[in-house]
Peer 1: 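Let me begin by handing over the structure; questions about it come next.
No experiment lies behind these values; they were computed from the predicted model shown. Side-chain atoms are counted along with the backbone in the values below, which use heavy atoms only and exclude waters and symmetry mates. Residue numbering restarts at 1 for every chain, and letters A, B, ... go by the order of the sequence lines.
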2 protein chains.
Amino acid sequence: MTKSTETAEERDPVVSGWQAQKSAATRKLIIESAIKCFVDLGYSNTTTTAIAERAGLSRGAMLHHFPSKIDIVKAAVDYLHGKRLRAVRRAVPRAGAGEDRVRSNLEAYWRDVRHPMFVAFFELVVAARTDRELADILQPAQEAFDREWHRTAREVFTEWQVDDATFDVALDLSRYVIEGMAISNLMNRQGGRDEKVLDYLEDKLRELRDSKEKRS
Amino acid sequence: MTKSTETAEERDPVVSGWQAQKSAATRKLIIESAIKCFVDLGYSNTTTTAIAERAGLSRGAMLHHFPSKIDIVKAAVDYLHGKRLRAVRRAVPRAGAGEDRVRSNLEAYWRDVRHPMFVAFFELVVAARTDRELADILQPAQEAFDREWHRTAREVFTEWQVDDATFDVALDLSRYVIEGMAISNLMNRQGGRDEKVLDYLEDKLRELRDSKEKRS
DNA sequence: TGCCGGTTTCAATCAGCTTTGACTTTTTCC
DNA sequence: GGAAAAAGTCAAAGCTGATTGAAACCGGCA
């Protein structure tokens, strides 16, 4: 446990310390407990005591790994960010080149945003609006994710021979619809109708892909 | 100040007490201060002290009008709910029957969701996810609003001679896109591209309106 | 194999701070 | 003159993080 936890934490960072391995496991346990707390209690109701309880650790034990609450939050943001990035990189190119890449990617993102991880992330984003310290932590991760998402999409959907503006509209539209839907569903259950909206969106995305003239 | 503040508060409830008028004004001031706090500090960081400060009142003075914090929250929810309902009733039918009702209503809702009022409401909704007491207060208002929104839309857009499912898709889609966009913009500034998405949405709504066969 | 010094991990307690809402006093208005 | 409104005070409760002390684990050595 030097100070190696600042930005790394990609995957499981292969600790070679034959005893620091347990330390890494404990850190991961704490981070995941914190995320559970964000989901169950909300960000601002998350206390260090609650995190420790969920991790099955004592408060002091936890504070040994993370000297203060903000350190846990930092680590959790890194952790979530890494997970989201990996999810995108994994999901987007998965489906082979074919008619159904639109559908499968739509469904992949729709699955992602209903995962508890998204709830936790959302809690962080909302809290960051009025918490500068959290915002400073979240912003870089957020921007990196947005860039990567956009870049990956552009790289992968090579069959979209449309101009940049059209492609951006397709991306933005998809994201707004799906995230708007996810957020709506976080609160009021109102199932059923969402499928119809997804189907419609899929249809319109195909239309966008095929309609315009080639670019570049 | 009987117990007249439970569900009423529609418009300014014409208090006839020749002195209780100031009391009503103070109540409104407190409620609006609370809403400002939700916007500026977030729901969970809103303390009775902060509300009192913003209202230019002392804590004790405020607690005279609202015995406890939850009472202020209740009143604020009623207040916001009333405002949103009135905004819908006012905006939707405003534009005369014509080609541009789609556009004007889209813009009206787009304006609404960027109003601080929406931010406050959003803070409440998010907090309610992990706060049963708040959820119990918010849920009835939320449901009433959804019903009214849907009902009003159906009543007003009589030129939409499409089947119910198509109409619902149009409504849901509009709402998801606009709210998703609003929420995105609450956090990361990324102006510019949104106009394109709105234009596209408008186009597709017109298409929906005109494409399908008549109903009933 | 079994023991030992030192380091890492865990547990418990405690003081400081903030928020809440009850209580008391002062001011304002009819 | 008297009641309502506003202001000030304060104890109780909860949260945070620092400190102190105990336990487990590592490597080395007889």
Side-chain angles (χ1 to χ4, degrees), chain A residues 1-5 13 15-34 37-38 40-76 127 130-131 133-134 137, chain B residues 1-5 15-34 37-38 40-76 127 130-131 133-134:
Chain A
M1 190 196 323
T2 53
K3 47 184 295 187
S4 66
T5 60
V15 275
S16 48
W18 283 267
Q19 174 221 329
Q21 203 150 7
K22 187 173 180 185
S23 179
T26 305
R27 288 177 63 88
K28 189 176 174 186
L29 177 69
I30 292 171
I31 291 171
E32 285 175 350
S33 296
C37 281
F38 297 156
D40 295 346
L41 311 174
Y43 176 76
S44 62
N45 294 322
T46 295
T47 67
T48 54
T49 307
I51 298 175
E53 258 173 24
R54 265 153 221 262
L57 266 59
S58 75
R59 243 182 67 82
M62 194 184 61
L63 287 171
H64 170 76
H65 292 275
F66 297 97
S68 94
K69 191 182 181 183
I70 195 69
D71 294 309
I72 303 180
V73 172
K74 253 182 225 167
T130 55
D131 183 333
E133 197 172 13
L134 179 56
I137 295 172
Chain B
M1 189 199 319
T2 55
K3 48 183 294 187
S4 65
T5 59
V15 275
S16 48
W18 281 268
Q19 174 221 325
Q21 202 149 10
K22 186 172 181 186
S23 179
T26 305
R27 289 176 62 89
K28 189 175 174 186
L29 176 69
I30 293 170
I31 290 171
E32 284 174 350
S33 296
C37 282
F38 297 156
D40 294 347
L41 312 174
Y43 176 77
S44 62
N45 295 323
T46 295
T47 67
T48 52
T49 307
I51 298 174
E53 259 174 24
R54 265 152 221 262
L57 267 59
S58 76
R59 242 181 66 81
M62 194 183 63
L63 287 171
H64 171 75
H65 292 274
F66 298 96
S68 94
K69 192 183 180 183
I70 196 69
D71 295 308
I72 303 179
V73 172
K74 254 181 224 168
T130 55
D131 184 332
E133 197 172 15
L134 178 57

Peer 1: Between A:M62 (CE) and C:dT13 (P), how many Å, whole number?
Peer 2: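 In whole Å, C:dT13 P lies 17 Å from A:M62 CE.
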
Peer 1: Would you mind reading off the distance between A:R27 atom CZ and C:dT8 atom P, rounded to a whole angstrom?
Peer 2: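 Nearest whole value for this atom pair: 14 Å.
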
Peer 1: Identify which nucleotide among C:dT20, C:dC10, D:dA7 has an atom closest to any side-chain atom of A:T26, counting heavy atoms from C-beta outward.
Peer 2: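 The answer is C:dC10.
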
Peer 1: Measure from the side chain of B:K69, starting at C-beta and using heavy atoms only, and say which of C:dC10, D:dA5, C:dT20 lies closest.
Peer 2: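 The listed nucleotide nearest to B:K69's side chain is C:dT20.
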
Peer 1: Between atom CG in B:L63 and atom P in C:dT20, what is the gap in whole Å?
Peer 2: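 Nearest whole value for this atom pair: 10 Å.
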
Peer 1: Report the nucleotide, chosen from C:dA11, C:dT8, C:dT19, that has the shortest atom-to-atom distance to any side-chain atom of B:T47.
Peer 2: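 Given the options C:dA11, C:dT8, C:dT19, the side chain of B:T47 is closest to C:dT19.
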
Peer 1: Ignoring hydrogens and geometry, is there a side-chain-to-backbone donor-acceptor pair from B:K69 to B:T46 under 3.5 Å?
Peer 2: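 Yes: the side chain of B:K69 pairs with the backbone of B:T46.
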
Peer 1: B:S58 side chain N/O closer than 4.0 Å to the phosphate oxygens (OP1, OP2) of D:dA6?
Peer 2: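 No, B:S58 has no side-chain N/O under 4.0 Å of OP1/OP2 on D:dA6.
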
Peer 1: Between atom CG in A:L29 and atom P in C:dT9, what is the gap in whole Å?
Peer 2: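 Computing the A:L29:CG to C:dT9:P distance gives 14 Å.
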
Peer 1: Please report, rounded to the nearest Å, how far the P atom of D:dC15 is from the CD atom of A:E53.
Peer 2: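 Taking CD of A:E53 and P of D:dC15, I get 10 Å after rounding.
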
Peer 1: Output the rounded distance in Å from CG (B:N45) to C1' (D:dC15).
Peer 2: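 One finds 14 Å between C1' of D:dC15 and CG of B:N45, rounded.
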
Peer 1: Side chain of B:H65, heavy atoms from C-beta onward: which of C:dT20, D:dA6, C:dC10 has the nearest atom to it?
Peer 2: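 Of C:dT20, D:dA6, C:dC10, D:dA6 is nearest to the side chain of B:H65.
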
